[in-house]
Amino acid sequence: MINERMRELGAKRSVIRELFEYGKKRKAEIGAENVFDFSLGNPSVPSPTLVEETLTELLTHDPVALHGYTSAQGDAGVRAAIADYINRTHGTNVTADCLYLTAGAAASLTVSLTAVLNPGDEVILLAPFFPEYRVFVERTGARVIAVKCREGDFQPDLAALERAITPKTRALILNSPNNPTGTVITEENVKSLCALLKRVSEMHGQPIYLIADEPYRELVYEDITVPYLPNHYDNTLVCYSFSKSLSLPGERIGYILVSPKAAHFTALYQAICGAGRALGFVCSPSLFQYLIPAVLGETADLSVYDTNRKLLYEKLTEYGYSPVRPDGAFYLFVKALEPDANAFCERAKSFELLLVPSDDFGYPGYVRISYCVTTEQIERSLPAFYALAQSYQI
Ligand code: PLP
């Protein structure tokens with residue numbers, strides 16, 4: 001017999017992927033320019049030219065060494081360069097031995113969760129959350145406990161969080177800037193949340209791990225800053241990825257930072273290495289590991305996302321929608337114009353607008369619009385958004 005749970009996961013695509021596939025079919029039918037696909041979070045700007053230049057230079061090196069396996073936790077020199085960059089940027093004191101290189105944030109998350117969870121444990125997700133978290137958590141035999149953020153500013157609801165924590169709570173995933181709201185958790189709220197976790201961990205006599213999922217750290221607008229969680233909470237695992245900042249999502253490169261101040265650091269780091277081994281990751285892609293030291297601190301040109309953010313926010317507000325103003329990432333979270341977001345998205349499809357309903361994000365009644373598209377697509381889609389809003393006035 002096969003594993004029925006795995007069969008179900010394979011047979012049923014995520015709502016986002018389902019919509020993306022529908023979009024491909026629809027584009028073939030009526031022409032790509034007539035379908036306004038806002039389904040996927042695939043970066044729409046090219047990588048910085050330094051990426052291509054560095055890769056070209058790397059390809060002149062000895063191919064046997066270049067394409068060979070690295071240490072399971074990643075090349076020591078690459079990890080040292082990342083540690084140095086983190087220390088310079090965030091005033092920390094981390095070393096290469098705190099880092100474990102991965103195949104992107106998804107791998108960072110599955111490895112981290114596998115390392116800290118046992119069956120029956122509970123993991124708190126602040127809703128709305130990236131739907132794959134549920135898959136990653138439940139695979140370990142642990143249970144998801146969803147705690148809704150405050151409607152309006154989408155900051156954590158600390159009172160609700162405190163009520164949700166039990167002696168079985170082993171971890172909390174924090175994603176800021178957030179997919180799907182674009183919200184950055186304020187420093188004040190980070191401090192309060194960390195104080196709460198510290199207090200409850202002490203009360204229960206075991207750490208609650210803070211898993212910081214940070215693929216959007218560099219994608220912030222105006223003068224907003226994203227607090228660095230290891231500076232606020234010792235038992236932190238940072239799951240970082242270069243997918244979005246460098247527009248390299250298909251190349252699969254990221255890392256886990258285990259805070260050197262974490263309780264039982266050595267055992268925790270060993271559990272990370274063991275989880276990577278058990279999941280068969282072997283090592284992260286070597287060519288892209290060697291790229292990283294040259295491009296630390298670089299980003300793709302993110303200005304188009306800001307242009308898109310302002311345009312969509314302004315126009316949708318003008319048409320009568322209620323979007324959440326994003327501080328970062330490239331998503332706009334908008335209240336559906338009827339209680340059932342799925343019905344709303346079905347109606348949007350008749351205007352060739354592909355929007356993702358929020359139910360799988362654990363926060364029904366909203367839609368997610370991925371604005372990592374060309375500004376021209378947004379401009380052309382505006383009459384459709386207007387007509388969709390108008391269709392609810394009649
Ligand atoms: N976490 C969040 C919140 C995401 O939005 C994504 C991708 O969209 C990931 C993790 C996975 O990113 P990666 O491509 O680095 O695996």
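Order of listing sets the numbers, starting from 1, for every ligand and every atom in it.
Checked against the 6.0 Å centroid criterion, the rings of Tyr221 and Tyr305 do not qualify as a close aromatic pair. Taking the six-membered ring where the residue is Trp, the centroids of Phe288 and Phe242 are separated by 6.0 Å or more. A distance of 6.0 Å or more separates the ring centres of Tyr100 and Phe281. The aromatic ring centroids of Tyr331 and Tyr216 lie less than 6.0 Å from each other. The aromatic ring centroids of Phe385 and Phe351 lie 6.0 Å or more from each other.
The protein heavy-atom contact nearest to atom 7 (C) of ligand 1 is Lys244 NZ, 3.3 Å. Looking at atom 1 (N) of ligand 1, its nearest protein heavy atom turns out to be Asp213 OD2, 2.6 Å. If you check which protein heavy atom lies closest to atom 6 (C) of ligand 1, you get Phe130 CZ, 3.5 Å.
The N/O atoms of Ser241, backbone and side chain alike, include one that comes under 3.5 Å of an N/O atom in ligand 1. For ligand 1, none of its N or O atoms has an N or O atom of Ala107 under 3.5 Å away. On a distance-only criterion, Ala106 and ligand 1 share at least one N/O pair closer than 3.5 Å.
The environment of NE2 in His264 is sparse: at most 12 heavy-atom neighbours from other residues, nucleotides or ligands sit within 6.0 Å. Enclosure of atom CD in Glu52 is not indicated, since only 12 or fewer non-hydrogen atoms of other residues, nucleotides or ligands lie within 6.0 angstrom.
Here Phe136 has no heavy atoms under 4.0 Å from ligand 1, in either its backbone or its side chain. When non-hydrogen atoms are compared, ligand 1 lies under 4.0 Å from the backbone of Ala105 as well as from its side chain. The proximity of Glu132 to ligand 1, defined as any non-hydrogen pair under 4.0 Å, does not occur for either the backbone or the side chain.
Using a 4.0 Å heavy-atom cutoff, Phe129 is absent from the residues neighbouring ligand 1. No heavy atom of Gly41 sits closer than 4.0 Å to any atom of ligand 1. The closest approach between a heavy atom of Tyr216 and any atom of ligand 1 is below 4.0 Å.
Remark: ligand 1 atoms within the under-4.0 Å shell around heavy atoms of Ser243 are 13 (P), 14 (O), 15 (O). Listed by number with element, the atoms of ligand 1 under 4.0 Å from a non-hydrogen atom of Asn175 are 3 (C). Listed by number with element, the atoms of ligand 1 under 4.0 angstrom from any heavy atom of Tyr133 are 3 (C). In summary, the atoms of ligand 1 found under 4.0 Å from a heavy atom of Asn179, numbered by their order in the structure, are 3 (C), 4 (C), 5 (O). Every atom of ligand 1 with a heavy atom of Arg252 under 4.0 Å away is listed here by number and element: 13 (P), 14 (O), 16 (O). The atoms of ligand 1 that sit less than 4.0 Å from any heavy atom of Gly104 are 15 (O), 16 (O).
Side-chain contact annotation: Tyr366 with Glu151, donor-acceptor N/O pair under 3.5 Å present.
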Between Arg17 and Glu21, is the salt bridge (Lys or Arg N to Asp or Glu O under 4.0 Å) condition met? List the steps. CA-CA 6 Å; Arg17 287 271 158 193; Glu21 293 301 325; 5.2 Å; no
Residues Glu188, Lys191; criterion salt bridge (Lys or Arg N to Asp or Glu O under 4.0 Å); working and verdict: CA-CA 5 Å; Glu188 194 192 338; Lys191 283 188 176 148; over 6 Å; no
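The minimum heavy-atom distance linking Asp97 with Tyr269 is given by the pair O-CE1, 3.3 Å.
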